[in-house]
Visitor: 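Would you mind keeping the following structure in view while I ask a few things?
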Amino acid sequence: MADADDILERKNFYLDVPQTSNAYALKGSNALDWGMKNRLARIFSPDDCRTVMLAVDHGYFQGPTTGLERLDVTICPLIPYADALMITRGALRSTIPPEITKPVVLRSSGGQSILKELSNERVAVDIEDAVRVNASALAVQVYIGGVHEHESIGNLVEIVNAGNRHGIPTMAVTGVGKELARDAKYLGLATRICAELGANFVKTYYCEKGFAAVAAGCPVPLVIAGGKKLPEMDALRMAYLAVSEGAAGVDMGRNIFQCEAPKAMIQAVRAVVHESETPERAYDLYLSLKSAGEGSELCTAKTQLR
Ligand code: 5RP
């Protein structure tokens with residue numbers, strides 16, 4: 001049994017050291033509760049407040065998207081290179097091994113298909129189920145200017161409220177209808193509305209003109225979608241410009257998993273986002289990793305998943 005007197009004598013309260021009380025550095029997040037910050041810190045690296053999220057949720061409205069026909073084969077090998085995985089609960093439970101240690105951003109709205117009006121969504125996950133799969137954030141589509149704008153904003157509010165009750169942050173995704181221009185005026189409007197209504201971070205598109213103002217006008221971090229598959233150099237340039245102009249990273253899907261060498265591409269994207277590499281140098285990295293065989297090897301070992 002320990003000697004109580006001795007323990008007392010050894011106590012050290014470091015009376016000359018003020019208790020550490022650092023502000024949480026992620027944009028607009030310092031007033032959040034501990035659990036929210038802790039989950040956000042799993043997604044956005046505490047070193048640079050940036051993230052490379054891998055988006056593989058496309059099946060929720062467009063079925064077996066090219067590159068996602070077999071998530072177990074093509075996506076598992078990419079997980080070690082992603083900071084977070086954006087995915088539906090169905091795909092998560094059926095194809096992703098629970099041993100992964102990367103945070104999950106759970107697609108939480110749905111209810112339409114590419115055959116119908118895209119903005120016609122509803123909340124598609126109970127908060128209890130999001131907790132059950134250990135989601136680090138909830139993702140909800142918001143269609144500003146869309147046919148179902150009002151309902152999609154309602155979905156955002158509902159998910160933010162549920163997430164706040166459980167300390168789970170919400171990512172709003174600005175869905176842009178075909179009839180709307182993805183320009184700075186529109187993106188500035190859409191991202192700001194999402195943040196004002198409580199989104200903790202927002203996924204949006206990059207625009208050539210005025211993106212810096214879009215990012216500055218949004219009080220929470222922005223991550224950019226990749227959009228349709230581009231030549232690799234163009235996708236890297238877009239990521240570079242976006243982070244240079246204020247984005248906190250990417251939530252990229254097709255421009256990674258539809259590449260000839262997805263594993264090489266996600267590493268090149270990481271170099272841009274986390275090491276501020278130029279698109280040219282990142283493209284060289286892509287080519288050299290590609291020629292060294294960093295393709296889309298099968299998911300073979302559990303250690304590959306961490
Ligand atoms: C729809 C989505 C996606 O399903 C997906 O995340 C888009 O990623 P990318 O454009 O990079 O393929 O959010 O709006």
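Here the structure is a predicted model, which means the values were calculated and not measured. Counting begins at 1 with the first residue of the sequence. Numbering of ligands and ligand atoms starts at 1, following listing order.
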Visitor: Considering all heavy atoms of both residues, which atom of Met265 and which atom of Asn255 are nearest to each other, and what is their separation?
Guide: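 So the minimum-distance heavy-atom pair works out to CG-O, 3.4 Å.
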Visitor: Rounded to the nearest 0.5 Å, what separates atom CE in Met36 from atom OG in Ser136?
Guide: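 The OG atom of Ser136 is 12.0 Å from CE of Met36, to the nearest 0.5 Å.
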Visitor: Out of Gln141, Lys229, Met171, who gets a non-hydrogen atom closest to atom 1 (C) of ligand 1?
Guide: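 Nearest option to atom 1 (C) of ligand 1, by heavy atoms: Gln141.
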Visitor: Is the backbone N or O of Tyr24 less than 3.5 Å from a side-chain atom of Lys37, with the two atoms forming a donor-acceptor pair by type?
Guide: no
Visitor: For atom 7 (C) of ligand 1, which candidate among Arg107, Lys203, Met252, Gln258 holds the nearest heavy atom?
Guide: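 Comparing heavy atoms across Arg107, Lys203, Met252, Gln258, the nearest one to atom 7 (C) of ligand 1 lies in Lys203.
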Visitor: Check each heavy atom of Lys228 against ligand 1 and say whether those closer than 4.0 Å belong to the side chain, the backbone, both or neither.
Guide: neither
Visitor: Would you say Gln62 contacts ligand 1, with heavy atoms under 4.0 Å as the rule?
Guide: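 No heavy atom of Gln62 comes that close to ligand 1.
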Visitor: Which atoms of ligand 1 have any heavy atom of Asp251 under 4.0 Å away?
Guide: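 Selected atoms, number and element: 11 (O).
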Visitor: Is Asp48 salt-bridged to Arg50, going by a charged N under 4.0 Å from an acidic O?
Guide: no
Visitor: Indicate, as side chain, backbone, both or neither, the part of Asn255 found under 4.0 angstrom from ligand 1 when only non-hydrogen atoms are considered.
Guide: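 For Asn255, there is no contact with ligand 1 at all, from either part.
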Visitor: May I ask you to check whether His58 and Phe257 place their ring centres under 6.0 Å from each other?
Guide: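 Yes - the distance between ring centres of Phe257 and His58 falls below the 6.0 Å cut-off.
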Visitor: Run the contact test for Gly227 against ligand 1 with a 4.0 Å cut-off on heavy atoms, strictly below, and give the result.
Guide: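 It does; at least one heavy atom falls under 4.0 Å.
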Visitor: List the closest protein heavy-atom neighbour of atom 3 (C) of ligand 1: residue, atom name, distance to the nearest 0.1 Å.
Guide: Asp57 OD1, 3.4 Å
Visitor: Considering the heavy atoms of Met86, write down every atom of ligand 1 situated less than 4.0 Å from one of them.
Guide: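 Counting from 1, the qualifying ligand atoms are 6 (O).
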Visitor: Within the structure, is a non-hydrogen atom of Val250 found at a distance of less than 4.0 Å from ligand 1?
Guide: no
Visitor: I want to know if ligand 1 touches Arg254 in the polar sense, i.e. an N/O pair below 3.5 angstrom.
Guide: yes
Visitor: Going from SG on Cys207 to NZ on Lys185, what distance comes out if it is rounded to the nearest 0.5 angstrom?
Guide: 13.5 Å
Visitor: Pick out which of His148, Gln141, Glu121 makes a side chain to side chain donor-acceptor pair (under 3.5 Å) with Gln112.
Guide: Glu121
Visitor: Counting each atom of ligand 1 from 1 as listed, which ones have a heavy atom of Ala55 under 4.0 Å away?
Guide: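 Checking each atom against Ala55, I get 6 (O), 8 (O).
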Visitor: Met53 and Val105: side-chain contact (heavy atoms from CB on, under 4.5 Å), yes or no, with the steps?
Guide: CA-CA 9 Å; Met53 293 169 53; Val105 177; 3.8 Å; yes
Visitor: For Gly253, is at least one N or O under 3.5 Å away from an N or O on ligand 1?
Guide: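 Between Gly253 and ligand 1 (N or O atoms, distance only) the closest approach is under 3.5 Å.
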